[in-house]
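Whatever order the structure lists ligands and atoms in, that order sets their numbers, starting from 1.
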Amino acid sequence: MKFPVKHVLACALLAVGAATAHAQTVIKFSHVVAQDTPKGKAAEFFAKKAEELTQGKVKVEVYANSALYKDKEEMEALQLGSVQMLAPSLAKFGPLGVKEFEVFDLPFIFDNREELHKVTTGPVGEKLMKKLESRGIKGLAFWDNGFKVFSANKPLHTVADYKGLKYRIQSSKVLEEQIRTLGGIPQVIAFGETYQALQTGVVDATENPPSNFYTQKMHEVQKHVSMTNHGYLGYAVIVNKKFWDGLDATVRGQLEDAMRQATDYANQIAQDENDQAMEAVKKSGRTTIYTPTAEERAQLKKALVPVHEKMSGRVGKEIIQDVYQATGFDPKKL
Ligand code: LMR
């Protein structure tokens, strides 16, 4: 039996089409912040690059704003393989049992981004990422956000002003200790529930980089911000290791390339995004922004650096020393 050439060709095209459709890999990339943030934008950038470089073999679906999972659940979902990619804040690895990551939460451990990058782009960062593998997680990159500011419904100028307030924090033993050291009461609340917790008075203060503060509309429910830059908040982009190792090697290489470009982009925009967010808070006229004097900031630093020593049993003396060595930080020189 003979088929017309046209028919044979159409069938062949259909078969190729079906094979291509079948071969498309979907990466679900879940995160908890708004799209209009350093992490949100970098995730979108990665999605576009990944699709471009793999010529459509990979589709990255980005779910922002805790649309799929909240803080704790997203880590479980990654380990189970329900999502393939996340970029949790570095604080979120402590509760997973990789306590060394809490070194990033130590107050005043980095003075600026240059010091931070000595850790995230060097051997210490590499060593930290390796520690995730036994948890079924592969670390791909560190993405910047920024230095945190404190906010409350009263002015925060001197160390004594911080006392007695209830603070929303991420789930981190180091951050808990930081708040206790200030005489405050720490309360762990999921990021997506922070606005409501501040609005209803469950807590009356918090800390976050400006980009998170503004895009979660915290300026609507916090009257005062103090530009303390007392600690750092950034991310590790991670994938389910089994999924990653199972990818075709060429595709994996293309995704690594997309991730390198997304990381450059993330780290380029992070500072600007935070500056712009603070400008927007100022423009809103709803929150008073205070910059501590050099003396006030020095007092805050003096009060909080002892948290390093207090938490060294949990975070690990070795990793703290590694970071000190990379950045040149000396806790004795305050
Ligand atoms: C927070 O919970 O405050 C942050 O980790 C949110 C984020 O991912 O930036």
Side-chain angles (χ1 to χ4, degrees), residues 29-44 46 62-78 83 85-96 98 101-107 116 120 139 141-152 166-176 178-179 184 186-199 202-203 205-219 221-222 225 228-238 262-263 266-267 269-271 273-274 277-278:
F29 187 160
S30 166
H31 69 81
V32 300
V33 298
Q35 249 174 339
D36 199 16
T37 54
K39 175 162 67 176
K41 287 186 172 180
E44 297 292 344
F46 171 74
V62 181
Y63 298 88
N65 264 324
S66 315
L68 281 187
Y69 301 103
K70 285 182 196 159
D71 309 12
K72 207 173 127 231
E73 293 124 43
E74 66 173 16
M75 238 8 151
E76 287 160 10
L78 184 90
V83 287
M85 189 174 277
L86 304 173
S89 71
L90 300 165
K92 308 240 158 91
F93 294 91
L96 192 72
V98 195
F101 270 78
E102 287 180 355
V103 75
F104 289 104
D105 296 341
L106 291 170
L116 164 78
T120 52
F142 287 101
W143 282 359
D144 285 6
N145 189 349
F147 288 89
K148 293 178 287 185
V149 298
F150 271 119
S151 66
K166 274 184 284 172
Y167 296 77
R168 178 270 167 179
I169 55 161
Q170 305 186 70
S171 175
S172 155
K173 295 292 172 205
V174 166
L175 297 178
E176 251 176 68
Q178 170 190 270
I179 299 301
Q187 191 137 350
V188 174
I189 292 172
F191 183 66
E193 290 163 11
T194 303
Y195 177 91
Q196 208 188 357
L198 288 165
Q199 190 186 35
V202 169
V203 288
T206 191
E207 57 162 17
N208 237 301
S211 60
N212 279 347
F213 184 81
Y214 178 63
T215 54
Q216 294 300 310
K217 300 185 170 43
M218 293 186 208
H219 59 290
V221 287
Q222 291 279 263
V225 163
T228 45
N229 296 322
H230 60 280
Y232 174 72
L233 189 151
Y235 310 106
V237 188
I238 55 173
T263 301
N267 297 353
I269 64 164
Q271 181 68 55
E273 291 286 320
N274 278 293
M278 225 356 121

Discussion item. Could you walk me through whether Glu176 and Lys173 satisfy the salt bridge (Lys or Arg N to Asp or Glu O under 4.0 Å) test, starting with their C-alpha distance in whole Å, then the side-chain angles of each, then the deciding distance to 0.1 Å, before giving a yes or no?
Written reply: CA-CA 5 Å; Glu176 251 176 68; Lys173 295 292 172 205; 3.6 Å; yes
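- When ring centroids are compared, Tyr63 and His31 stay outside the 6.0 Å threshold.
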Would you mind writing out a table of all protein N or O atoms found under 3.5 Å from any N or O atom of ligand 1, naming both atoms and giving the distance to 0.1 Å?
| unit_1 | atom_1 | unit_2 | atom_2 | d |
| --- | --- | --- | --- | --- |
| ligand 1 | 2 (O) | Lys92 | NZ | 3.0 |
| ligand 1 | 2 (O) | Arg168 | NH2 | 2.9 |
| ligand 1 | 3 (O) | Arg168 | NH1 | 2.8 |
| ligand 1 | 3 (O) | Asn208 | ND2 | 3.1 |
| ligand 1 | 5 (O) | Ser89 | OG | 3.0 |
| ligand 1 | 5 (O) | Lys92 | NZ | 2.9 |
| ligand 1 | 5 (O) | Gln170 | OE1 | 2.7 |
| ligand 1 | 8 (O) | Lys39 | NZ | 2.7 |
| ligand 1 | 9 (O) | Asn212 | ND2 | 2.8 |
| ligand 1 | 9 (O) | Tyr235 | OH | 2.5 |

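- Below 30°, between 30° and 60°, or above 60°: for Phe101 and Phe104 the angle between ring planes is between 30° and 60°, a tilted geometry.
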Discussion item. Let's go through Asn65 and Val32 carefully: what are the C-alpha distance in whole Å and the side-chain angles of both, what is the deciding distance for side chain to side chain contact (heavy atoms under 4.5 Å, CB included) to 0.1 Å, and is it a yes or a no?
Written reply: CA-CA 4 Å; Asn65 264 324; Val32 300; over 6 Å; no
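- Relative orientation of the Phe46 and Phe29 rings is perpendicular, given thresholds of 30° and 60° on the angle between their planes.
- Partners of Lys41 according to the salt bridge (charged side-chain N to carboxylate O under 4.0 Å, His left out) rule, which considers only residues two or more places apart in sequence or in another chain, are Asp36, Glu273.
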